[in-house]
Amino acid sequence: MLSHTKKKQNHAYLAVFLAFGVTAHASDFVIITDPAQSSTVVGNPLVIAGSSSQAGLAVRITVNTTEIGSVITNGSGDWSVNLNDVNDGSYTITADLLDGSLNILATDTNSFTVQNPPSIFITSLADGDILGNPIIVHGSASLPNTTVNVSVDSVVMATTTTGNSGEWTTFFNVPTSGIHTLLAELIVSGSPVASHSISLTTLISVGTTGTTGATGAQGATGVTGATGSLGNTGSTGARGATGATGAAGSGPIAYVWANSGLLVGTGNNFMRIGTGAPSSVVEQQVRVPVAANAKDFWVRVGSPGLNGITATIRKNGVDTALTVFVPTSTASTIVTGVNVPFAAGDLISLNVIAGLLALPSDITAGVTLQ
């Protein structure tokens with residue numbers, strides 16, 4: 001892909017050149033110095049430069065069969081232009097030195113190759129995000145069908161492979177709450193060739209310890225041997241079996257959404273989990289790790305705006321009974337006595353709807369799954 005930001009400006013220079021005219025000479029020449037013939041260069045930026053026999057003339061630039069514009073030579077006859085975001089591949093560039101009637105006075109052609117370095121990006125999370133398990137990560141890379149390692153604090157948590165377009169995704173659980181460094185690496189022949197890292201905070205709910213199993217009953221005492229000369233002693237009774245270990249307990253999971261500024265606008269505002277995360281018109285869903293009931297839905301608003309807001313917990317993209325309206329006169333509210341069951345793997349999200357020109361701000365909401 002080629003982008004040439006100077007094209008309109010150079011056309012303006014060409015108009016001035018045509019208005020005043022320049023004298024052509026039989027010995028006129030134009031030379032492409034960058035990229036050099038048969039060279040390999042990067043495509044962002046791609047520098048195209050050269051020299052010519054005359055100052056103030058137009059040099060028309062063509063890459064393969066696409067004319068990208070013209071540039072005016074300086075007082076020494078030199079010229080240059082930068083292109084951005086040029087993809088990998090083989091290219092041929094042609095430079096034509098033009099006279100006042102757009103006749104070609106001289107031409108030069110070079111062939112070269114663009115080879116950009118590999119790259120990888122984490123696209124679904126941003127620095128400072130706050131979230132809980134499972135951690136779901138989406139990204140993109142410049143190489144298709146290539147291994148991606150995802151690490152937390154230098155420990156590899158997941159390995160996946162990029163698709164045909166370089167896209168990739170994975171998920172995993174982190175064992176502890178706190179601030180962590182999330183690193184994605186593109187692996188070629190066992191070594192990283194590109195990486196991208198962000199900082200995130202995890203809030204992990206730990207279940208309560210299961211009760212200790214009951215102690216097994218004591219074995220019966222063996223029978224005493226009969227009296228007599230050198231009578232045999234009775235055998236000791238077998239030891240009672242140890243009681244089974246009690247089942248592991250489970251603790252509640254708390255999801256918290258926050259938006260420190262104004263909402264995106266009227267209609268649906270899907271908020272992202274984490275403090276200070278912006279709202280979005282695209283639904284922001286998080287997968288529930290275990291079966292649980294959603295309850296105790298609360299909302300706090302710094303400014304409800306002109307018409308108040310309506311906040312609703314959604315399951316798998318559908319509104320649930322956990323919904324509340326916060327009018328302009330109320331700073332916070334909570335919904336109790338309503339339980340919405342979630343199965344392991346269901347998707348939970350929060351939608352906030354504001355009226356026309358309502359302009360609510362500083363919204364925080366939370367729900368407990370237990």
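Just so it is clear, the model here is predicted, and its values are computed rather than measured. All values below come from the heavy atoms of this structure, side chains included, with hydrogens, waters and symmetry mates left out.
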Side-chain heavy-atom pair Ile120, Trp168 within 4.5 angstrom cut-off: yes
Val367 side chain reached by Trp257 side chain, heavy atoms, under 4.5 Å: yes
Main-chain N/O of Ala321 paired to Thr323 side chain as donor or acceptor, under 3.5 Å: no
Main-chain N/O of Leu143 paired to Thr162 side chain as donor or acceptor, under 3.5 Å: yes
Shortest non-hydrogen contact from Thr146 toward Ile187: CG2-O, 3.2 Å
Sub-4.5 Å side-chain heavy-atom contact between Ile363 and Val352: yes
Between CG on residue Leu125 and CG on residue Leu200, distance to nearest 0.5 Å: 6.5 Å
Exam field: side chain Thr169 to backbone Val137, donor-acceptor pair closer than 3.5 Å: yes
Straight-line distance of Asn339 CG to Asn293 CG, nearest 0.5 Å: 5.0 Å
Which atom of Ser90 lies closest to which atom of Asn64, heavy atoms considered: O-ND2, 4.2 Å
Verify same cluster id: Ile48, Val114 (apolar side-chain graph, 4.5 Å): yes
Heavy-atom donor-acceptor pair, Thr201 side chain to Ile130 backbone, under 3.5 Å: no
Asn164 atom CG: more than 12 heavy-atom contacts under 6.0 Å: no
Asn149: which of Thr170, Thr160, Thr159 passes side-chain hydrogen bond (donor to acceptor under 3.5 Å, both in side chains): Thr159
Taking every non-hydrogen atom, the tightest pair across Leu350 and Ala311: CD1-CB, 4.3 Å
Hydrophobic cluster identity match, Val42 and Val86, side-chain contacts under 4.5 Å: no
Residues Ser53 and Asp28: side-chain donor-acceptor under 3.5 angstrom: yes
Donor-acceptor contact present, side-chain Thr33 to main-chain Ala49, <3.5 Å: yes
side-chain contact (heavy atoms from CB on, under 4.5 Å) assessment of Met157 paired with Ser151: CA-CA 5 Å; Met157 304 298 291; Ser151 305; 5.8 Å; no
Val150 reachable from Leu183 in the ILVMFWY side-chain graph, under 4.5 Å edges: no
Neighbour count above 12 (heavy atom, 6.0 Å) for Ile179 CD1: no
For Asn84 against Pro45, the heavy-atom pair lying closest together: OD1-CB, 3.7 Å
Test log, rule side-chain contact (heavy atoms from CB on, under 4.5 Å), inputs Ile93 and Ile61: CA-CA 7 Å; Ile93 183 172; Ile61 310 297; 4.0 Å; yes
Approximate separation, where rounding is to 0.5 Å, of Trp298 CH2 and Leu322 CG: 14.0 Å
Check: Gly43 main-chain N/O paired with Asn116 side-chain donor or acceptor under 3.5 Å: yes
Side chain to side chain, Val152 and Phe172, heavy atoms closer than 4.5 Å: yes
Nearest heavy-atom neighbours spanning Leu186 and Ser119: CD2-O, 3.9 Å
Asp34 (side chain) donor-acceptor with Val47 (main chain) under 3.5 angstrom: no
Parallel, tilted or perpendicular: rings of Phe112 and Tyr91 (30°, 60°): parallel
Check: Ile313 main-chain N/O paired with Thr320 side-chain donor or acceptor under 3.5 Å: yes
Check: Thr181 main-chain N/O paired with Asp153 side-chain donor or acceptor under 3.5 Å: yes
Joint cluster assignment, Leu347 & Val318, ILVMFWY side-chain distance < 4.5 Å: no
side-chain contact (heavy atoms from CB on, under 4.5 Å) evaluation trace for Ser349 with Gln284: CA-CA 6 Å; Ser349 59; Gln284 307 295 310; 5.8 Å; no
Note, Thr333 side chain near Val335 side chain (heavy atom, < 4.5 Å): no
Heavy-atom check, side chain of Arg60 versus side chain of Ser70, under 4.5 Å: yes
Side-chain donor-acceptor contact under 3.5 Å, Thr107 with Asp96: yes
Min side-chain heavy-atom separation Ile135-Asn133 under 4.5 Å: yes
Separation between CH2 of Trp79 and CD1 of Ile72, rounded to the nearest 0.5 Å: 12.5 Å
Contact check, side chains of Ser124 and Ile136, non-hydrogen atoms, under 4.5 Å: no
Other residues, nucleotides, ligands: >12 heavy atoms within 6.0 Å of Phe171 CZ: no
Donor-acceptor pair, side chain of Asn316 and main chain of Asp346, under 3.5 angstrom: no
Considering all heavy atoms, the nearest Tyr255-Leu369 contact: CD1-CD1, 3.8 Å
Distance (rounded to the nearest 0.5 Å) between Ile122 CD1 and Ser197 OG: 7.0 Å
Gap between atom CG of Leu105 and atom CG of Asp99 - 0.5 Å precision: 4.5 Å
Linked, directly or transitively: Val59 and Phe29 (ILVMFWY side chains, under 4.5 Å): no
Check against side-chain contact (heavy atoms from CB on, under 4.5 Å), His180 and Leu182: CA-CA 6 Å; His180 305 281; Leu182 178 67; over 6 Å; no
